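This report concerns only the one structure given below.
The chains referred to below are lettered A, B, ... by the order of the sequence lines, with proteins before strands, and numbering in each begins at 1. What you are looking at is a predicted structure, and each value in this text was computed from that prediction instead of being measured.
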Amino acid sequence: MQNAPSIEEQMEIHRRMILTRRLEEILGGLAKDGKTRGPLHRCDGQEAVGVAGCMALRANDYVCTTHRGHHVYVGKGMDPRRIVAEIMGRETGYCRGRGGHMLLGDASTGMIGGNAIVGAGIPAAAGMALSIQVMKEDRVAMAVFGDGAAQTGIAHEAMNMAGLWKLPVIFLLENNQYGLTVRQEVQSPVEDLFIRAAGYGMPGLKVDGNDVVAVYQAVAEAAARARRNDGPTLIEAKTYRMQGFSTSDMGGYQSEAEMAPWRDRDPIRLSAETLSKSIGSEAVAEIAEAAEVEIQAAFALALADPFPVFEFHRPSGAYTEV
Amino acid sequence: MQNAPSIEEQMEIHRRMILTRRLEEILGGLAKDGKTRGPLHRCDGQEAVGVAGCMALRANDYVCTTHRGHHVYVGKGMDPRRIVAEIMGRETGYCRGRGGHMLLGDASTGMIGGNAIVGAGIPAAAGMALSIQVMKEDRVAMAVFGDGAAQTGIAHEAMNMAGLWKLPVIFLLENNQYGLTVRQEVQSPVEDLFIRAAGYGMPGLKVDGNDVVAVYQAVAEAAARARRNDGPTLIEAKTYRMQGFSTSDMGGYQSEAEMAPWRDRDPIRLSAETLSKSIGSEAVAEIAEAAEVEIQAAFALALADPFPVFEFHRPSGAYTEV
Amino acid sequence: MAIMRYAEALNAALREEMGRDPRVFMFGEDIGRYGGVFKVSRGLMDEFGEGRIRDTPISEQALTAMAVSAAMTGTRPILEIMYADFVPLCMDALVNQASVFGYLWEGQIEIPFVLRTQGGGGVGTGAQHAKSLDVFLAHIPGIKVVAPVTPADAKGMLKAAIRDPQPVIFLEHKLLYNTRGEVANEEDVLVPLGKARVAISGTDISIFASSKMVVEAEAAAKLLAKDGIGAEVIDLRTLRPLDLSAIKASIAKTHHAVVVNEGWNFCGYVSELSATIMDHCFDDLDAPVSRVAMPDMPIPYSEPLEAAVIPNASRIAEAARRTLA
Amino acid sequence: MAIMRYAEALNAALREEMGRDPRVFMFGEDIGRYGGVFKVSRGLMDEFGEGRIRDTPISEQALTAMAVSAAMTGTRPILEIMYADFVPLCMDALVNQASVFGYLWEGQIEIPFVLRTQGGGGVGTGAQHAKSLDVFLAHIPGIKVVAPVTPADAKGMLKAAIRDPQPVIFLEHKLLYNTRGEVANEEDVLVPLGKARVAISGTDISIFASSKMVVEAEAAAKLLAKDGIGAEVIDLRTLRPLDLSAIKASIAKTHHAVVVNEGWNFCGYVSELSATIMDHCFDDLDAPVSRVAMPDMPIPYSEPLEAAVIPNASRIAEAARRTLA
Ligand SMILES: Cc1ncc(C[n+]2csc(CCOP(=O)(O)OP(=O)(O)O)c2C)c(N)n1
Ligand SMILES: Cc1ncc(C[n+]2csc(CCOP(=O)(O)OP(=O)(O)O)c2C)c(N)n1
Ligand SMILES: [Mg+2]
Ligand SMILES: [Mg+2]
């Protein structure tokens with residue numbers, strides 16, 4: 001298959017998806033116990049989009065994500081321990097506790113960054129691609145964003161400019177069928193949002209967002225296209241949000257009937273099945289066990305890390321009191 | 001022809017186009033003599049869009065327009081004398097001299113109103129349509145806007161909601177091929193902007209913007225559709241801006257070669273030719289003569305009107321000093 | 001009278017005004033079926049239907065513009081913007097549309113809409129979900145801005161806002177929704193916009209605040225009372241137009257002032273309060289006005305950092321002591 | 001040194017900095033082929049090509065956001081926003097993006113971009129094309145805001161802004177582009193951001209202003225001189241961060257102050273100036289600070305109406321006389 005992930009890559013995708021899932025689950029438990037701050041947005045069921053999407057990029061490519069970005073953080077290769085530390089408000093976190101779970105940034109892996117303003121990541125990636133184009137670099141930028149974000153005006157402006165200037169950018173629309181509490185059909189009159197690509201002179205396509213190979217291939221193809229200076233691509237990955245909107249969601253609007261078929265299509269289970277065929281189910285189980293060890297260690301270390309101490313003056317003077 | 005204007009309507013359209021053209025020309029002369037303030041945006045060559053578009057609506061329908069709205073003002077039935085008075089900053093103007101030529105508003109003819117923020121008229125019309133829908137009124141709202149405006153984010157947001165809620169609104173995109181000084185292909189990677197309608201679940205079509213019958217028919221059909229609660233329509237009227245962007249335009253970017261074919265397709269000339277076939281060229285000439293008398297009178301009266309006197313406190317207290 | 005939570009008081013105001021006037025409708029993100037992320041519109045969609053209570057796409061910019069034009073053409077829209085942090089997305093519709101047309105087309109149209117939003121920090125929502133941007137709104141001519149703290153005022157002022165012929169920005173606070181207080185049951189109890197309220201009366205120093213900062217100011221007054229300082233707490237209630245006479249009356253009595261706002265300090269709402277006092281009460285002042293506000297930096301997420309930046313009772317009390325020293 | 005128009009000084013700064021640093025590029029509406037509606041970028045597309053000088057669609061919101069992220073990833077963008085009236089469209093990118101990430105991701109990224117725009121009234125451009133919205137920008141932490149009045153400062157400060165590691169908003173004025181002055185030809189003459197300038201020195205009253213209001217303040221000083229009043233005119237040059245020591249030094253000398261800004265009065269930039277003086281110079285003041293600003297209403301179009309609202313020399317002189325009375 002063209003642009004398909006190698007077995008090694010599939011194993012790594014699988015591992016990162018498990019890391020993400022376990023990160024979410026443990027955080028969910030901490031949240032229940034009142035040990036986290038602010039709302040947490042879990043991406044259970046959507047791991048394939050962020051992880052396989054990022055794995056299809058190179059280390060120095062840029063990616064930015066949303067309030068629901070744990071799979072992107074882990075997918076782009078960030079260290080779970082420092083992710084957890086940030087979410088738990090520790091000095092060792094990626095932003096020294098300043099950002100929290102929606103606003104992580106890590107220049108070293110090109111994750112620039114989470115964003116809690118819906119839609120803001122779309123022009124952010126376009127701007128990174130503009131920077132790449134001006135400097136004639138061999139990189140691409142990718143925005144991972146939701147079906148809700150696709151309705152923002154800024155999405156339109158950014159996609160139009162990306163198409164116009166053939167910017168090396170990938171718009172990875174993670175359609176999990178919900179805005180916050182309302183279904184996608186309450187937000188848009190069209191079911192397939194990728195069709196809008198035609199209005200921006202760029203290719204648009206949809207993929208099964210729970211199938212890591214499909215996501216990887218689509219992103220790899222789009223990245224190759226961008227590197228050839230052929231411009232942007234809009235990829236709509238159809239998936240489903242298995243947890244509520246956030247830890248402060250009071251629920252009551254996602255029915256079991258709606259969720260059941262998606263539960264059967266859990267991306268980690270699908271990935272395990274596929275992988276088993278090539279490496280055997282024992283090797284697959286080993287991946288899960290190693291991931292479990294890693295994530296437990298990440299939490300243990302992060303939770304022992306110190307909180308930051310407040311200091312008003314930044315060295316650079318950017319925020320000094322006047 | 002379905003939804004075609006009657007002969008009487010065609011005559012009235014013709015008359016209003018001439019009023020508009022002469023309004024522009026006389027204003028242009030005053031501007032050259034340094035007798036106007038601020039930039040003036042002429043719509044020479046585009047009269048058919050605003051005039052025939054508005055004539056296809058009812059008196060109580062709403063319309064809003066842009067910085068380049070003289071044809072809409074006249075098309076919706078506003079009084080040339082009070083239009084001129086506003087542009088000349090007089091107390092008798094539609095806004096008592098407060099608005100100027102880009103910001104006229106006239107609730108009595110449903111012209112709500114001009115707008116100098118590019119794109120702002122698009123959600124404005126959608127909001128009026130929302131009001132109509134909430135109150136279950138038998139009206140429609142129409143936004144006349146440019147190819148430049150179509151690239152603004154607010155266009156996307158408004159069109160998406162219009163399609164989603166089936167708002168009784170008409171999006172009349174006046175594609176005069178230029179933003180300010182740059183051609184449309186420097187602003188958008190697609191030539192036909194109406195194709196974006198598909199992404200909003202609404203019909204989109206293009207018409208010859210210099211043909212009054214074509215514009216009238218398209219708007220009349222869209223209005224009928226809106227009144228049937230079948231939702232919005234995007235109409236792209238292809239036309240061309242025969243004068244510079246505004247009276248402060250230093251020019252140099254519209255070539256004679258580009259303009260010549262459009263000069264041959266002057267909407268007033270085309271309308272005169274068509275009309276002559278049904279009412280004879282003498283009757284057509286009479287329309288022009290009467291319009292000339294009317295516009296001369298409008299200028300004579302308006303230019304004799306007094307300037308407003310500044311008063312800070314509004315009766316309602318909205319803007320009182322605190 | 002009944003004891004109600006702030007959120008319930010708002011809900012009652014919305015229900016009553018929608019029942020009273022068919023031109024009133026409400027739209028915003030997740031306000032319908034779900035009842036709003038702070039549950040202020042709970043039950044209203046069932047009662048008034050999907051035509052008058054609308055869940056919307058995430059499109060703050062157009063939503064605000066649509067509220068303006070809908071208001072100009074016969075309805076009285078109420079728009080909920082989920083977080084005050086998203087107000088920057090609404091600015092064109094407010095600054096270049098709502099503000100402008102009431103004056104330009106005076107006599108032809110009115111613009112009776114209400115934009116409800118909530119701001120403020122304290123619960124770890126981070127730099128993009130905890131701001132107070134009051135000053136951006138209060139700077140705009142032709143628009144009223146209110147920020148009540150009690151459930152009674154929440155209900156009475158929201159009702160007054162809905163009936164007002166001008167655009168009104170109604171500022172709520174995420175930490176006030178669950179606070180309780182006595183609220184009038186009667187449908188016709190309005191609290192007028194533009195009038196401040198003496199929350200605690202005192203003679204030594206005046207503390208001017210709004211929204212949740214009134215709670216902090218009241219707590220500060222208790223701290224100061226222990227030192228024998230009698231602080232007067234003025235709940236401004238309306239940020240634009242300011243109740244100048246209430247400000248003047250209080251300073252004429254105390255000769256000292258602390259001004260408080262949860263937004264940033266530089267070019268903040270506190271700057272206007274200080275400048276207003278400079279304009280009108282200079283001769284009455286025995287010491288410079290002290291400002292208590294958010295330091296000029298983004299709001300950090302981690303608890304010790306966030307706690308260090310949000311203005312609170314002890315910072316207000318300290319400012320009062322410094323002013324009196 | 002050479003005599004240049006303000007617009008030419010800006011053009012020279014852009015040309016020199018683009019020549020010096022390949023990471024600098026510029027984008028905005030009609031800035032390329034046409035050279036900008038105020039001709040500031042004239043000739044640059046021919047010199048630097050369409051990759052580094054880009055005409056853009058009308059998309060202020062995304063353009064500003066793109067400037068922020070491009071700056072975070074290795075370039076130094078300069079964005080021209082045609083009118084300051086469109087700044088409300090840029091607010092999310094400034095308030096929720098540019099302001100935030102410099103602090104959150106400190107040490108990982110810098111955000112070296114410049115947003116140039118021009119505001120101000122006086123030529124009948126109407127309520128949506130004549131505003132000064134300085135205060136919206138100056139309220140944002142992590143961002144610098146400058147507003148030079150002389151061609152020399154225009155060049156030297158634009159160069160400094162382009163080289164600055166933080167976001168800088170560069171405010172121009174439509175009535176300044178044709179003013180002339182001496183400008184350094186050398187490429188390495190920078191004017192530091194954050195430093196005010198004594199435009200006219202005097203001992204009786206201090207007038208603080210920026211951009212075109214400095215011209216009005218200077219004219220006011222001449223009017224006042226006729227009455228024997230020695231006004232000191234301080235050209236602030238930078239609106240954020242304020243040059244506090246220059247303000248303190250002047251008031252220590254004059255004990256009286258008039259603060260001027262072309263934007264609205266309420267919650268305006270003048271409010272901050274007044275409050276700053278309250279904070280730092282209260283004991284030095286012999287009279288309250290006077291504010292001169294745009295009255296709190298939209299800017300009308302007609303000549304007699306517009307002339308009545310825009311702050312000018314005679315209103316400044318009158319305020320100074322009132323302050324000294
Ligand atoms: C501009 C803006 N408006 C509203 C919100 C509140 N909000 C946060 S997430 C969300 C829904 C986003 O939906 P989608 O883009 O599909 O992302 P998902 O949560 O499904 O991952 C909303 C409305 C916000 N953060 N930013
Ligand atoms: C938000 C905004 N950005 C920029 C401008 C400056 N401007 C005025 S008209 C114009 C071009 C508009 O093009 P189009 O929408 O095609 O209208 P046309 O002038 O062709 O009628 C521009 C850039 C503006 N008024 N508003
Ligand atoms: Mg979603
Ligand atoms: Mg055009």
- Query: Atom CD of Q151(B) and atom CD of E157(A): how far apart are they, to the nearest 0.5 Å?
  - Reply: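 Here the interatomic distance stands at 9.5 Å.
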- Query: Crowded around E191(B) CD? As in, over 12 foreign heavy atoms under 6.0 Å?
  - Reply: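 At most 12 heavy atoms, drawn from other residues, nucleotides or ligands, come within 6.0 Å of this atom.
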- Step through the shown structure and confirm whether more than 12 heavy atoms of other residues, nucleotides or ligands are within 6.0 Å of CD on E258(A).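 Enclosed: over 12 neighbouring heavy atoms sit under 6.0 Å from CD of E258(A).
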- Message: Give me the atom names and distance for the closest heavy-atom approach of P189(B) to G201(A).
- Response: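 Nearest pair, atom of P189(B) first, then G201(A): CG-N, 4.2 Å.
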- Task: Using a cut-off of under 4.5 Å on heavy-atom pairs, state which of T152(B), I154(B), V186(B) scores highest against chain A.
- Result: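 Option with the top pair count is T152(B).
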- Quick one: of G163(B), A158(B), S188(B), A198(B), who has the most non-hydrogen atom pairs under 4.5 Å with chain A?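 Winner by heavy-atom pair count: S188(B).
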- Message: With a 4.5 angstrom heavy-atom cut-off, is it the side chain or the backbone of A150(A) that approaches chain B, or both, or neither?
- Response: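 Only the backbone of A150(A) comes within 4.5 Å of chain B.
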- Task: Please lay out, stage by stage, how N160(B) and H156(A) fare under the test side-chain contact (heavy atoms from CB on, under 4.5 Å).
- Result: CA-CA 11 Å; N160(B) 181 57; H156(A) 175 70; over 6 Å; no
